[in-house]
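Here's the structure we're looking at; comments come further down.
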Amino acid sequence: MSEGSTVGRYLVDRLRQLGLGHLFSIAGDYSIEWLNRYVTPSSIEIIEEVNEVNAGYAADGYARLKGIGALCVTYSAGALCAVNAVAGAYVEKVPLVLINGTPSIKKTLTFEQTGFSAHHFISGRETDMQSFEHITVATVRVDNPDLAPTLIDYALTRCITERRPIYIELLQDMVDLECEPPRGVLKPARILSDETSLEQSVAQICAKLESAENPLIWLGVEIDRFGLQDKAMSLIQQLNVPFVTELLSKAVLSEDDALFAGVLDGQASSAAVTELVATADFVLGLGVWLTDINSLGWEPDYDKTAFASFDAVKFGTFFGGQVALEHLIDGILAEKVVPKAGRLPDKLARSAPTVGSSDVITYQGFYNFIQQYIDRNTIVGADASMNYFGSLLLDVPGPGGFVVQSSYSSIGYSAPAATGICLAKRPDQRVMVFTGDGGFQMTAQCLSTQTRFKLNPIIFVIDNGVYAVEQWLADASVFHADKPFYKPCILHRWNYSLLSEVFGCRGWEVGTYGELRDAVTGALKNASSPSIIQVHVPNKSIPDNAKWKAQ
């Protein structure tokens with residue numbers, strides 16, 4: 001066998017070629033030999049996590065910046081803990097590689113034919129694969145060294161092409177067996193469009209752009225997932241029309257741009273965005289996903305909105321199937337459309353709010369105050385909570401500077417995702433995460449990993465003692481009436497700031513704006529560990545743009 005390789009080395013080499021610099025893992029005897037003998041000596045650094053769901057969220061956050069993320073777990077007891085993280089990555093089109101260390105062929109056959117069980121077995125060789133086959137775009141079982149290169153290459157190519165998770169079962173007795181070395185470099189498969197559908201879609205959209213008095217571009221998350229930021233910016237500049245984003249694609253382009261108007265998210269949008277959308281006579285949605293979180297209390301006008309996403313164009317009664325978003329943008333650019341001069345968005349000047357040092361922090365007041373600390377080098381993460389509303393209206397000037405899992409919306413995602421974001425970001429960037437207290441209770445052990453690896457995210461835990469967003473979704477009237485919270489929404493109180501003593505990082509507890517100023521100042525100076533800032537707010541205080549449902 002020429003040049004010599006093994007299955008274990010082959011997988012490491014392919015991951016490294018795709019740009020993976022860190023692998024999130026939990027030690028397990030079915031995977032430990034691969035990690036120790038092949039990953040440890042390589043240029044890929046192992047990030048030892050505390051549990052599988054945190055490892056999955058961290059790998060997800062890493063992949064959103066790096067283009068690929070990976071985690072390694074052990075069979076069933078480990079892998080099945082990662083299901084929720086993988087499901088979120090599947091929904092949100094995040095290229096994630098789950099490597100599942102799996103019992104040997106001998107152990108599998110012994111269990112299946114005699115009933116003598118190895119630890120972690122459930123019902124034989126198909127259990128884990130069947131669990132993941134609906135939330136990944138490829139599931140492969142590497143149980144033959146001669147087939148290993150083909151199986152690994154197939155799965156990884158699907159991952160980078162479709163920007164979705166894959167699942168690789170790496171049997172413990174395979175890693176040291178010889179196989180062919182990697183040939184060439186893996187690339188995404190070609191994107192395909194039906195020529196007739198593409199031509200008709202470009203013609204439909206260009207005609208509307210030319211005739212519209214006030215056209216508007218609505219950029220969605222697929223612009224980010226498929227790396228189309230530069231092409232989208234070229235189109236916006238060529239058309240010279242304003243653009244908005246959705247919460248899931250917030251800051252996909254710089255929010256400092258003169259043509260940026262804000263985030264369109266139903267009734268949570270700013271008044272300026274709401275007016276702009278209402279007066280637009282044609283809206284071109286590029287890569288927009290419609291979800292109940294991205295269209296809060298509002299329904300798009302389908303007669304004036306063209307949606308280009310999921311490889312199709314939908315506009316009124318027109319449907320163009322098999323139209324790749326990249327090809328559509330290229331086609332519109334080539335037509336050099338010149339719309340009629342429309343009005344450009346007004347830019348509101350922001351300044352730090354005037355508050356007293358001893359004033360009690362409110363939910364909206366917190367976000368008004370924190371804006372002054374967000375610059376082009378800040379990456380903001382917002383968790384599924386009332387923080388969606390507060391962060392939605394923040395100005396985030398750095399392109400790619402906002403990370404949110406608002407389609408799947410698994411609470412507790414953002415704090416462990418910050419582990420991966422910190423490892424994937426540029427050295428001059430700083431990560432700030434806004435999480436609710438309920439979500440943070442689910443994944444608080446992320447502070448351990450972040451401290452261990454000297455990562456320095458600033459994690460703001462908005463402490464109101466309740467699952468406020470769940471109460472808001474069920475009965476928002478509680479927030480402006482003398483009514484009790486639903487009992488399942490009331491949390492057991494933690495002293496979050498004191499977790500810093502448990503994990504060895506820095507912590508602050510604040511309830512006034514003066515205390516918040518001091519805490520942020522201290523956190524920004526802390527370069528060697530995470531900073532947790534426990535922010536007390538009254539339990540019936542909510543962001544201003546969430547009050548529409550509470551009336």
Does the side chain of Leu286 come within less than 4.5 Å of Leu325's, by heavy atoms?
-> yes
Going through the checks in order, is the side-chain contact (heavy atoms from CB on, under 4.5 Å) test met by Arg430 and Lys425?
-> CA-CA 8 Å; Arg430 195 68 187 267; Lys425 69 177 180 61; 5.8 Å; no
In Å and rounded to the nearest 0.5 Å, what is the CG to CH2 distance from Asp292 to Trp298?
-> 13.5 Å
Validation row, ring centre Phe282 to ring centre Phe315 under 6.0 Å | yes
Residues in side-chain hydrogen bond (donor to acceptor under 3.5 Å, both in side chains) with Asp230, at least two apart?
-> none
Interatomic distance, Asp176 atom CG to Glu33 atom CD [nearest 0.5 angstrom] = 7.5 Å
Is there side-chain contact between Leu392 and Phe389, with heavy atoms separated by less than 4.5 Å?
-> no
Find out whether Thr108 and Glu112 are in side-chain contact, i.e. whether some heavy atom of one side chain is under 4.5 Å from a heavy atom of the other.
-> yes
Say you draw a straight line from OG1 of Thr139 to CG of Asn100; how long is it, rounded to the nearest 0.5 Å?
-> 11.5 Å
Please walk me through it: do Val140 and Tyr154 pass side-chain contact (heavy atoms from CB on, under 4.5 Å)?
-> CA-CA 9 Å; Val140 298; Tyr154 161 75; 4.1 Å; yes
Could you give me the CA-CA distance, side-chain angles and deciding distance for Ile191 and Phe226, then say whether side-chain contact (heavy atoms from CB on, under 4.5 Å) is met?
-> CA-CA 11 Å; Ile191 56 173; Phe226 295 114; over 6 Å; no
Going by atom types alone, do Asn387 and Ser385 pair a side-chain donor with an acceptor below 3.5 Å?
-> yes
At their closest point, which heavy atom of Met174 faces which heavy atom of Pro145, and how far apart are they?
-> SD-CD, 3.8 Å
Between Ser409 and Ala384, is there a donor-acceptor pair closer than 3.5 Å when you use the side chain of the first and the backbone of the second?
-> no
At what distance, to the nearest 0.5 angstrom, does CG of Leu209 lie from CD1 of Ile217?
-> 6.0 Å
Identify whether the distance between the nearest side-chain nitrogen and carboxylate oxygen of Asp224 and Arg64 falls below 4.0 Å.
-> no
Among pairs that include at least one residue of residues 231-265, which meet ring-ring contact (aromatic ring centres under 6.0 Å, His included), considering only residues two or more places apart or in two chains?
-> Phe243-Phe260
Please list all pairs passing the side chain to side chain donor-acceptor pair (under 3.5 Å) test where one or both residues lie in residues 275-289, with sequence neighbours left out.
-> Glu222-Trp289, Thr279-Arg343
If you draw a 6.0 Å radius around CZ in Arg426, do more than 12 non-hydrogen atoms from other residues or ligands fall strictly inside?
-> yes
Does Tyr90 offer a backbone N or O that forms a donor-acceptor pair with the side chain of Arg164 under 3.5 Å?
-> yes
Can you check side chain to side chain donor-acceptor pair (under 3.5 Å) on Ser410 and Tyr57, steps first, answer last?
-> CA-CA 10 Å; Ser410 183; Tyr57 290 151; 2.8 Å; yes
Heavy atoms of Pro397 and Ser254 approach each other most closely as O-OG, 2.7 Å
State whether the side chain of Thr161 and the backbone N or O of Ala189 hold a donor-acceptor pair below 3.5 Å, judged by distance alone.
-> yes
Could you list the donor-acceptor pairs under 3.5 angstrom formed by side chains in residues 15-24, with sequence neighbours left out?
| residue | atom | partner | partner atom | Å |
| --- | --- | --- | --- | --- |
| Gln17 | OE1 | Arg14 | NH1 | 2.8 |
| His22 | ND1 | Tyr62 | OH | 3.2 |
| His22 | NE2 | Glu45 | OE1 | 3.4 |

When you measure from the side chain of Thr443 to the backbone N and O of Asn54, does any donor-acceptor pair fall under 3.5 Å?
-> no
Tabulate below the donor-acceptor pairs under 3.5 Å that side-chain atoms of residues 68-77 make, not counting sequence neighbours, or state none.
| residue | atom | partner | partner atom | Å |
| --- | --- | --- | --- | --- |
| Tyr75 | OH | Gly124 | O | 3.1 |
| Ser76 | OG | His120 | O | 3.2 |
| Ser76 | OG | Asp128 | OD1 | 2.7 |

Closest non-hydrogen atom pair, Leu171 against Val142 = CD1-O, 3.5 Å
Any sub-3.5 Å donor-acceptor pair from Lys314's side-chain atoms to Ser309's backbone N or O?
-> yes
Side chains of Asp153 and Leu186: closer than 4.5 Å at any heavy-atom pair?
-> yes
Is any side-chain heavy atom of Cys206 less than 4.5 Å from a side-chain heavy atom of Glu335?
-> yes
Below 4.5 Å, heavy atoms only, C-beta onward: do Val252 and Val221 meet side chain to side chain?
-> no
Gly266 backbone acceptor or donor facing Ser269 side chain under 3.5 Å = yes
Between Asp173 (side chain) and Ile105 (backbone), is there a donor-acceptor pair under 3.5 Å?
-> yes
Lys93 bridged to Glu162 by N-O distance under 4.0 Å = no
Would a distance-only check, ignoring hydrogens and angles, find a side-chain to backbone donor-acceptor pair under 3.5 Å from Asp265 to Glu246?
-> no
Min side-chain heavy-atom separation Leu80-Val83 under 4.5 Å = yes
State whether the side chain of Arg141 and the backbone N or O of Glu169 hold a donor-acceptor pair below 3.5 Å, judged by distance alone.
-> no
Verdict with supporting geometry, Asp60 and Tyr408, side chain to side chain donor-acceptor pair (under 3.5 Å) | CA-CA 13 Å; Asp60 178 299; Tyr408 191 62; over 6 Å; no
Taking every non-hydrogen atom, the tightest pair across Asp257 and Met233 = OD2-CE, 3.6 Å
Considering residues at least two apart in sequence or located in another chain, which fulfil the side-chain hydrogen bond (donor to acceptor under 3.5 Å, both in side chains) criterion with Glu133?
-> none
For the residue pair Val288 and Phe307, what are the closest heavy atoms and their distance?
-> CG1-CE2, 4.1 Å
Taken to the nearest 0.5 Å, the spacing of Ile135 CD1 from Phe132 CZ works out to 5.5 Å
Under 3.5 Å donor-acceptor, Ser249 side chain and Leu219 backbone | yes
Check against side-chain contact (heavy atoms from CB on, under 4.5 Å), Glu255 and Phe402 | CA-CA 11 Å; Glu255 295 188 345; Phe402 189 83; over 6 Å; no
Check the side chains of Glu49 and Thr449 for a donor-acceptor pair under 3.5 angstrom, ignoring hydrogens and angles.
-> yes
Is the NZ or CZ atom of Arg9 positioned over Tyr38's six-membered ring, under 6.0 angstrom from the centre and within 45° of the axis?
-> no
Is any side-chain heavy atom of Leu264 less than 4.5 Å from a side-chain heavy atom of Thr245?
-> no
Work out which heavy atom in Val137 is nearest to a heavy atom in Cys159; give both atom names and the distance.
-> CG2-N, 4.4 Å
Working to the nearest 0.5 Å, report the span between CG of Leu156 and CZ of Arg158.
-> 12.0 Å
